[in-house]
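The figures here come from the full heavy-atom set of this structure, side chains too, leaving out hydrogens, waters and symmetry mates. In this text the structure is predicted, and so the values were computed from the model without any measurement.
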Amino acid sequence: MPFDPLIHHRRSVRLKGYDYAQAGAYFVTICVFRKRCVFGRVQHDVMNLNRFGFMARDCWLEIPQHYPTVELDEWQVMPNHMHGILVITDNTNANQPAKFGESKRGSLATIINRYKGAVTRQISEARQTKTKVWQDGFHDHIIHNERELDSIRRYIIENPLHWATDKHYAE
């Protein structure tokens with residue numbers, strides 16, 4: 001069975017004591033509020049982005065400009081969610097503890113929350129009304145080895161192929 005973070009983890013489960021700002025590969029899934037299909041449609045097994053989908057895509061592609069130690073691996077915007085692999089290559093801030101109540105600079109949570117905020121701002125501006133785009137939080141998985149990385153890449157690439165039959169996502 002392919003890896004599906006929405007089936008295995010309904011809420012993001014962080015490893016206790018793990019520093020999510022340290023170098024590593026991370027698979028994330030970010031879901032749209034109430035699983036609404038706002039980013040486009042899958043037609044003939046191909047994801048066709050609408051203007052909001054292009055906003056989500058463009059903000060994702062800008063992540064390395066804001067975080068130079070982050071590389072993008074495989075990713076896919078779907079009608080009501082986003083999958084991506086982020087690789088934190090080095091983070092000299094990883095050894096600096098965050099102040100109480102602050103997100104740790106360069107951590108996975110900070111990167112994803114800023115991404116979600118940028119997409120939300122752009123969509124709200126386009127709609128000329130404040131819009132809740134995303135569900136709270138996100139799903140994450142630390143990628144431990146090349147075999148796992150290859151499996152997750154395949155899952156992301158093939159995601160549009162399974163859209164029509166997937167009870168969690170189908171329109």
Self-check item: Residues in salt bridge (Lys or Arg N to Asp or Glu O under 4.0 Å) contact with Asp150, at least two apart in sequence or another chain
Solution: Arg153
In Å, rounded to the nearest 0.5 Å, how long is the span from [atom1] of [X] to [atom2] of [Y]?
X      : Y      : atom1 : atom2 : result
Gln65  : Cys59  : CD    : SG    : 10.5 Å
Leu61  : Ile63  : CG    : CD1   : 8.5 Å
Ile156 : Asn159 : CD1   : CG    : 8.0 Å
Phe52  : Cys37  : CZ    : SG    : 13.5 Å
Ile88  : Glu71  : CD1   : CD    : 11.0 Å
Glu146 : Ser151 : CD    : OG    : 12.5 Å

Under a 3.5 Å distance rule, please check whether [X] uses its side chain to pair with a backbone N or O of [Y] as donor and acceptor.
X      : Y      : value
Thr110 : Gly106 : no
Thr89  : Val70  : no
Tyr115 : Ala56  : yes

Quiz item: In terms of side-chain heavy atoms, does Glu148 have a donor or acceptor partner in His141 at a distance below 3.5 Å?
Solution: yes
Quiz item: Does the side chain of His81 come under 3.5 Å of the side chain of Thr29 through a donor N or O and an acceptor N or O?
Solution: no
Do [X] and [Y] come close enough that some side-chain heavy atom pair is under 4.5 Å?
X      : Y      : value
Leu108 : Phe138 : yes
Met78  : Pro160 : yes
Trp75  : Ile157 : no
Arg41  : Pro79  : no
Lys35  : Gln135 : yes

Quiz item: Is there any salt bridge (Lys or Arg N to Asp or Glu O under 4.0 Å) pair reaching into residues 46-68, and which pairs are they, with sequence neighbours excluded?
Solution: none
Quiz item: Is there a side chain to side chain contact (heavy atoms under 4.5 Å, CB included) between Leu72 and Trp60 once you walk through the steps?
Solution: CA-CA 8 Å; Leu72 303 179; Trp60 186 261; 3.6 Å; yes
Quiz item: Does the side chain to side chain contact (heavy atoms under 4.5 Å, CB included) test come out yes or no for Phe27 and His83, once each step is laid out?
Solution: CA-CA 7 Å; Phe27 172 42; His83 291 300; 3.6 Å; yes
Practice problem: Please check if Val119 and Phe33 belong to a single hydrophobic cluster, counting links between Ile, Leu, Val, Met, Phe, Trp and Tyr side chain heavy atoms closer than 4.5 Å. | Solution: no
Self-check item: Counterpart residues, side-chain hydrogen bond (donor to acceptor under 3.5 Å, both in side chains), relative to Thr131 (two or more places apart)
Solution: Arg127
Quiz item: Given Lys116 and Ile30, is the side chain to side chain contact (heavy atoms under 4.5 Å, CB included) satisfied, shown in steps?
Solution: CA-CA 8 Å; Lys116 288 168 60 175; Ile30 313 165; 3.7 Å; yes
Residues 42-49 side chain polar contacts: donor-acceptor under 3.5 Å, at least two apart:
| unit_1 | atom_1 | unit_2 | atom_2 | d |
| --- | --- | --- | --- | --- |
| Gln43 | OE1 | Asn48 | ND2 | 3.1 |
| Asn48 | ND2 | Val46 | O | 3.4 |

Quiz item: Please walk me through it: do Cys31 and His139 pass side chain to side chain contact (heavy atoms under 4.5 Å, CB included)?
Solution: CA-CA 9 Å; Cys31 296; His139 307 273; 4.1 Å; yes
Quiz item: Val38: what forms a side chain to side chain contact (heavy atoms under 4.5 Å, CB included) with it, not counting sequence neighbours?
Solution: Val32, Arg36
Exercise. Kindly write out the residues that satisfy side chain to side chain contact (heavy atoms under 4.5 Å, CB included) with Glu125, not counting sequence neighbours, or none if the list is empty.
Key: none
Exercise. Report yes if the distance between the aromatic ring centroids of Trp134 and Phe39 is under 6.0 Å, otherwise no.
Key: yes
Quiz item: Can you name the one residue among Ile111, Ile85, Ile112 that meets side chain to side chain contact (heavy atoms under 4.5 Å, CB included) with Val28?
Solution: Ile112
